[in-house]
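The next block holds one structure in the form of C-alpha cells; read it before the comments.
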Amino acid sequence: MTAKSDLDQESRIVRPPATLLVIFGASGDLTSRKLIPALCNLAEDQYLPENFIVIGSSRSKLSDEEFRAKVYDGVKKFSRRPISPGVWEKFAKNLHYQPCNGEVLGDFEVLKGRMESLCSEFKTQFNYVYYLAMAPQFFGPIASNLKEVGLIEDFGKSSRRTSVVVEKPFGHDLASARELNSVLRKSLAEEQIYRIDHYLGKETVQNILVFRFANGIFEPLWNRKYVDHIQISVCEDIGIGNRAAYFDQNGILRDIVQNHVLQMLALLCIEPPISLSDADSIRDEKAKVLRSIKRMTAEEVKRNTVRAQYTKGRVGAEEVPGYREEKGVAADSSTDTFVALKLEIDNWRWSGVPIYIRAGKRLPKRITEITIFFNKAPDSLFKGRNVGELEHNVLSIQVQPREGMSLRISSKPPGPRFRVRPVEMDFTYDSSFGVASPEAYERLLLDVMKGDPTLFTRNDEIEESWDLLAPIFESWSSPDAPPVLRYEAGSWGPPEADELLKPMRHSWRKL
Ligand code: BG6
C-alpha cells in the first residue's frame, strides 16, 4: 500500500463525540491566527465531531455576527489552505460569541445559560472543552468560576467529560509553575488539565516516536556507545513583533527552551515506553529524561551557557532594529534573545553525550532541526590515502520549515581516484507523502476533544523542566553574572556560542 492510500484510510478516523468548545480570550491573536483556522481545517477534512459548538468569549462586547466576521478574516489570512465557502457556512452556524469577564461570577451564570440553551437544540449530551487562550493570571479565576457555577464536572463522576486547555507560559519559574498548578487543582483534576506545547503537535516531532520505535536499525545505536553528540537548534528570523510586554519579561530560555526544546529532547531520548497508546507511559518516560538532565553548578553555568541579545542588522533584505530599540522594550533591557547551552543527560543510556542547544530570534533564517552525530569510523584503513579526516554520520530531523529527515554517510565518488565524500540520503514529507502536513493546533485540538492527553505536558514534566533551568536563571541574575552578549541581527549569534563546542572539537551544524 502506498503512503498516499494510507493517508486516505486515515480520513475515516473516528470523529470525537459531541463537543462544546469555549474559547476564553477569543478576541486575541491566537484565536484568529491559529485556533479558528485549525478548526476550519478540521471541518474541511470532516474530522470535527458531528455535533460541535464553539463559543468565543472575552471581555469585548461583540455580537455573534461581529465575531464570525472577525475570525473569518483570520481564516482567510492564516489558514494553511483555502476553506471552501460551504464548509465555512456550516461551521459558522455553530460559532457563537458570549462576552465574559473571567473574574465576574455573574458572567459565568449567563455563559452557563447560553451553553445549555445552545446544547438543547441537539438531542445529545456534549462534552465541554474550555480553551484558556490568555495570560496565566486568569487561569485560576476562570477555573474557579466555572467550577462554582457547575460548568466543571468532577473527574470520573459524570458521563460528561470536561477538559481545560491552558496555553504557555505555564509559570515563570518553578515556584510560579507550582503555584499555578495548585490554583488549577483547586477546581480540576490533573486528568482534566491539558497543558499545550504546540511543538508536540508538529508532525515531525510526533514522528520521532515512530522513527525510533518502528525501525529496527536505529534503536540499537541510540545510546552513548554510538552517539557522539546531539544538537537541537530552534532558529527564527523574526524578532519579537508586538509581543515586547511578554517577551521582555521572559526571554528566549523561557520562551522556547523550557518548553519546546526540552519536550523535543525528552521525546528524542526516552526509553521505550510500555505502550504508545497509553498517554502516561510516554509521559512517565519523558519526565524521567527531564529528571536525569544534570543540574548545573554556578561554575558550570558560566562554562556551559551563552546568552545574548540582538543589535540592529539585516535579516534577508530587511534592515531591522536592535532588540533594545524594539517598541515596548526597556532601553537597558538584559533579556536574552539568543541562548546556547551544553546539557548532559546523566543516565545509563546517555551519560557523557554532550547535548548542545541553541535558540534565537533574528537569526539568518527560520529553521528547527534536531541532529544526531554518530561516532566517527576509525580512519586506520584509509591511512596514506589522502582522504582527509572521516566525518560523522549525521542524522538530522528537520522539524521545519522543510519537514523531513536526512542521513549523511561517507561514500566514494565515481572515478579512478580513491576519495571519500559525504552524501545525504534525504526524505521530505512533501515528496514522500504528497500531502501538506496539518498545523500542530489541528492535531492537538482533535486530541483534546477525544480525551487523549499524550501530546500534552503533564505537571511533573513542567516542574522538572523549570527545576533544571533554575540554576541558570539564578546564576544569570547574580551580581557577578557575565553581561549579556550582543550579536548582530541576521548573524548566527555571538562567537562565544561557537566557543561552547570547541573543547570537545565540535561545531554547530551549518543550517
Ligand atoms: C511560541 C513562542 O511558543 O513559538 C514564539 O512564544 C515563537 O516566540 C513560536 O515564535 C515559534 O513557533 P513555530 O511553530 O513558528 O516554530
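Please read these numbers as outputs of a predicted model, since none were measured by experiment. Start at 1 and go down the list; that is how both ligands and their atoms are numbered. For this chain, numbers begin at 1 and follow the sequence in order.
- For atom 7 (C) of ligand 1, the nearest non-hydrogen atom from the set K34, E167, E236, H260 comes from E236.
- Residue Q400 has at least one heavy-atom neighbour below 4.0 Å for each of these atoms of ligand 1: 13 (P), 16 (O).
- Near K361, meaning under 4.0 Å from one of its heavy atoms, ligand 1 places the atoms 5 (C), 7 (C), 8 (O), 10 (O).
- Contacts between F247 and ligand 1 below 4.0 angstrom, taking non-hydrogen atoms only, are absent altogether.
- Less than 4.0 angstrom separates some heavy atom of K168 from each of these atoms of ligand 1: 1 (C), 2 (C), 3 (O), 6 (O).
- For ligand 1, the atoms closer than 4.0 angstrom to any heavy atom of H198 are 1 (C), 3 (O), 4 (O), 12 (O), 13 (P), 14 (O).
- The K202 neighbourhood of ligand 1 comprises atoms 13 (P), 14 (O), 16 (O), with distances under 4.0 Å to a heavy atom of that residue.
- Here D460 pairs with R458 in a salt bridge; the nearest charged N to carboxylate O distance falls below 4.0 Å.
- The protein non-hydrogen atom at the shortest distance from atom 15 (O) of ligand 1 is R366 NH2, 3.2 Å.
- Ring-plane geometry between F67 and Y97 is classed as tilted, the angle between the planes lying from 30 to 60 degrees on a 0 to 90 degree scale.
- Between F91 and W88, the angle of the ring planes lies from 30° to 60°, which puts this pair in the tilted group.
- Ring planes of F373 and H392: perpendicular class, angle over 60° (limits at 30 and 60°).
- Between F211 and F213, the ring center distance fails the sub-6.0 Å criterion.
- Each of the following atoms of ligand 1 lies closer than 4.0 Å to a heavy atom of D255: 2 (C), 5 (C), 6 (O), 8 (O).
- Ring orientation note: the planes of W222 and F218 are nearly perpendicular, at an angle over 60° on the 30°/60° scale.
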task = Take L95 and V71 through the test side chain to side chain contact (heavy atoms under 4.5 Å, CB included) and record every step on the way to the result.
result = CA-CA 10 Å; L95 180 61; V71 294; 3.8 Å; yes
